[in-house]
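A quick note: this is a predicted structure, and the numbers were derived from the prediction, not measured. Starting from 1, each residue takes its place in the sequence as its number.
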Amino acid sequence: MARLFVLLLLLVTSGTLIASQVQVENVRTSAGSERTRVVFDLSGDVQHRVFNLKDPDRVVIDITGAAISDSSSVSDAGLIQRLRSAARGDGDLRVVLDTDGPVRTQSFLVKPNDQYGHRLVVDLHPGEEREEPVRTAQDSAQRDFVVAIDPGHGGRDPGAIGPTGAMEKDVVLEVGRKLYYLLDQAPGIKPLMIRDSDTYVPLSERREMARSNNADIFVSLHADATESGGPRGSSVYTLSQTGASSQAASLLAQRENAADLLGDISLSDKDDMTRSVLVDLSRGATLEASVELAGEVLHELAGVGPIHRGDVERAGFVVLKSLDMPSVLVELAFISNPEEERRLQQADHQWDLARAVSRGVSGYAERHRPSGGRMASAGREYEVQRGDTLSGIASEHRVSVSELRSANDLNGDVLSVGTTLRIPE
């Protein structure tokens, strides 16, 4: 009788585990010359880990508490030769993508919209994954400063078009690639490309990719335009909570935000936008840091060419919302101006622009480089280090700013070096 009871208990427990698992309902792929994308359609939210292995080359994706149908398979799709999957003993799922050579990987989670549910997106790019430097005991507490580089528009959304037909999406992608190269050479900085090919990425996915990869700052690259074609020069914008700082900024925000209407995610997604507003209202320190970052970049751009306005401007850009990190939008020049359109297409000038943005970002990173801090033995306390921000600490420990404030009875965002913060469970 006791043996029968144990058997029944195991069957009930097993059935409960299966019912509680997130199901991989479908696997979709798309392949281009510069990227292969794998999308896992999920029945719920998950945690995941992605890493690369060699000899043979393959990408391993561990998805916590998930299961996949035996009929789900992918073969010969772009960089992928085959997909394999297996359940692990702890109830998790391991997916292995056999690739035809070394690849770089990026992954991020996407929340449900009107067309799809929860999704895990894994992008594969040709080339070696960058090796992490060997860390000594002296610097092991300090992690890389992650910079999300977001070339605007892409794919079916060309952005602004110059007098001779130059497209905004093309010139900002070229500058973004050059900026990635420069930051990749800088010690202690790890760049992340949000879009590295001519593909359309909805605004909400850009934010999710930055957040999922623990980006410390977000830099969105664009090229300005007006109907008259006369204005010229660079501008740098941050998010405004109360309205645009100029009429031009307001018009620009409307133009950039309208781009998302071309994609699958509507701007009228009430839940997402409500969440965005609530985050923005409690993020004064992040806005202050955004202005500091924008000032650094604007100062460096002034050494490359004319500046449209001498001060950092503010406007309501959707792409900068819902980001728990300092975020700026850089208008490199006016592509509607014939002279600036010509220069934007020149590789030398693209390098000059990329160097200027790189210097601004590096200067900011030098003062705000994230520190691992000194964790208590229980692992749920953190000692504030010089350069820390409340939003940065929250992001590092995967909690919300409001939870961090509540756990430590904080009324604002001012932190004192040496203060010990409790990290909520």
Would you say the side-chain atoms of [X] pair up with the backbone N or O of [Y], donor to acceptor, closer than 3.5 Å?
{"X": "Arg232", "Y": "Pro306", "value": "no"}
{"X": "Asp41", "Y": "Gly117", "value": "no"}
{"X": "Ser336", "Y": "Thr226", "value": "yes"}
{"X": "Thr64", "Y": "Asp92", "value": "no"}
{"X": "Asp157", "Y": "Gly159", "value": "yes"}
{"X": "Arg367", "Y": "Gly363", "value": "yes"}
{"X": "Asp198", "Y": "Gly155", "value": "yes"}
{"X": "Arg104", "Y": "Leu124", "value": "no"}
{"X": "Asn26", "Y": "Phe40", "value": "no"}
{"X": "Arg119", "Y": "Val121", "value": "no"}

With side chain to side chain contact (heavy atoms under 4.5 Å, CB included) as the criterion, how do Val304 and Leu353 come out once you've worked through the C-alpha distance, each side chain's angles and the decisive distance to 0.1 Å? CA-CA 7 Å; Val304 176; Leu353 292 169; 4.1 Å; yes
Is any side-chain heavy atom of [X] less than 4.5 Å from a side-chain heavy atom of [Y]?
{"X": "Gln345", "Y": "Ile335", "value": "no"}
{"X": "Arg177", "Y": "Met193", "value": "yes"}
{"X": "Leu192", "Y": "Gln106", "value": "yes"}
{"X": "Leu332", "Y": "Val172", "value": "yes"}
{"X": "His118", "Y": "Val46", "value": "no"}
{"X": "Asp62", "Y": "Leu93", "value": "no"}
{"X": "Leu183", "Y": "Ser362", "value": "yes"}
{"X": "Val39", "Y": "Val27", "value": "no"}

Could you measure the distance from the [atom1] atom of [X] to the [atom2] atom of [Y]? Nearest 0.5 Å is fine.
{"X": "Arg195", "Y": "Leu221", "atom1": "CZ", "atom2": "CG", "result": "9.5 Å"}
{"X": "His153", "Y": "Asp170", "atom1": "NE2", "atom2": "CG", "result": "11.5 Å"}
{"X": "Ile189", "Y": "Phe145", "atom1": "CD1", "atom2": "CZ", "result": "7.0 Å"}
{"X": "Asn214", "Y": "Lys190", "atom1": "CG", "atom2": "NZ", "result": "9.5 Å"}
{"X": "Tyr116", "Y": "Leu42", "atom1": "OH", "atom2": "CG", "result": "13.5 Å"}
{"X": "Gln350", "Y": "Gln346", "atom1": "CD", "atom2": "CD", "result": "8.5 Å"}

Can you check side chain to side chain contact (heavy atoms under 4.5 Å, CB included) on Ile61 and Leu120, steps first, answer last? CA-CA 10 Å; Ile61 307 163; Leu120 168 61; 4.0 Å; yes
Verify side chain to side chain donor-acceptor pair (under 3.5 Å) between Glu331 and Ser234, making sure each step is shown before the conclusion. CA-CA 6 Å; Glu331 295 286 347; Ser234 304; over 6 Å; no
Grab the two heavy atoms, one from [X] and one from [Y], that are nearest each other, plus how far apart they are.
{"X": "Gly360", "Y": "Leu293", "result": "O-CD1, 4.5 Å"}
{"X": "Val236", "Y": "Ala294", "result": "CG1-CB, 3.4 Å"}
{"X": "Val103", "Y": "Asn52", "result": "O-ND2, 2.9 Å"}
{"X": "His48", "Y": "Ser107", "result": "NE2-OG, 2.9 Å"}
{"X": "Ala223", "Y": "Ala160", "result": "O-CB, 4.2 Å"}
{"X": "Ile194", "Y": "Ala210", "result": "CD1-N, 4.1 Å"}

Verdict with reasoning, Arg206 to Asp150, per salt bridge (Lys or Arg N to Asp or Glu O under 4.0 Å): CA-CA 7 Å; Arg206 297 172 193 252; Asp150 173 43; 2.6 Å; yes
Test side chain to side chain donor-acceptor pair (under 3.5 Å) applied to His349 and Glu340, Arg342, Arg343, the passing residue: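 It is Arg343, the one option of Glu340, Arg342, Arg343 that forms the side chain to side chain donor-acceptor pair (under 3.5 Å) with His349.
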Could you go through Asp352 and Arg355, starting from their C-alpha distance and side-chain angles, then the distance that decides it, and tell me whether this counts as salt bridge (Lys or Arg N to Asp or Glu O under 4.0 Å)? CA-CA 5 Å; Asp352 289 341; Arg355 290 188 189 97; 3.3 Å; yes
Glu339, CD atom: more than 12 neighbouring heavy atoms under 6.0 Å: yes
More than 12 heavy atoms of other groups within 6.0 Å of Tyr181 OH: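 Atom OH in Tyr181 is not packed in, count stays at 12 or less.
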Under the side chain to side chain contact (heavy atoms under 4.5 Å, CB included) criterion, do Leu298 and Ile307 qualify, and how do the steps go? CA-CA 8 Å; Leu298 187 63; Ile307 297 299; 3.8 Å; yes
When you look at Asp196 and His125, which way does the side chain to side chain donor-acceptor pair (under 3.5 Å) test go after all the steps? CA-CA 9 Å; Asp196 65 354; His125 308 269; 2.9 Å; yes
Could you walk me through whether Trp351 and Leu182 pass side chain to side chain contact (heavy atoms under 4.5 Å, CB included), step by step? CA-CA 9 Å; Trp351 277 111; Leu182 294 170; 3.9 Å; yes
Go through the steps to decide whether Asp98 and Arg84 satisfy the test salt bridge (Lys or Arg N to Asp or Glu O under 4.0 Å), and finish with yes or no. CA-CA 8 Å; Asp98 295 321; Arg84 297 178 282 128; 3.0 Å; yes
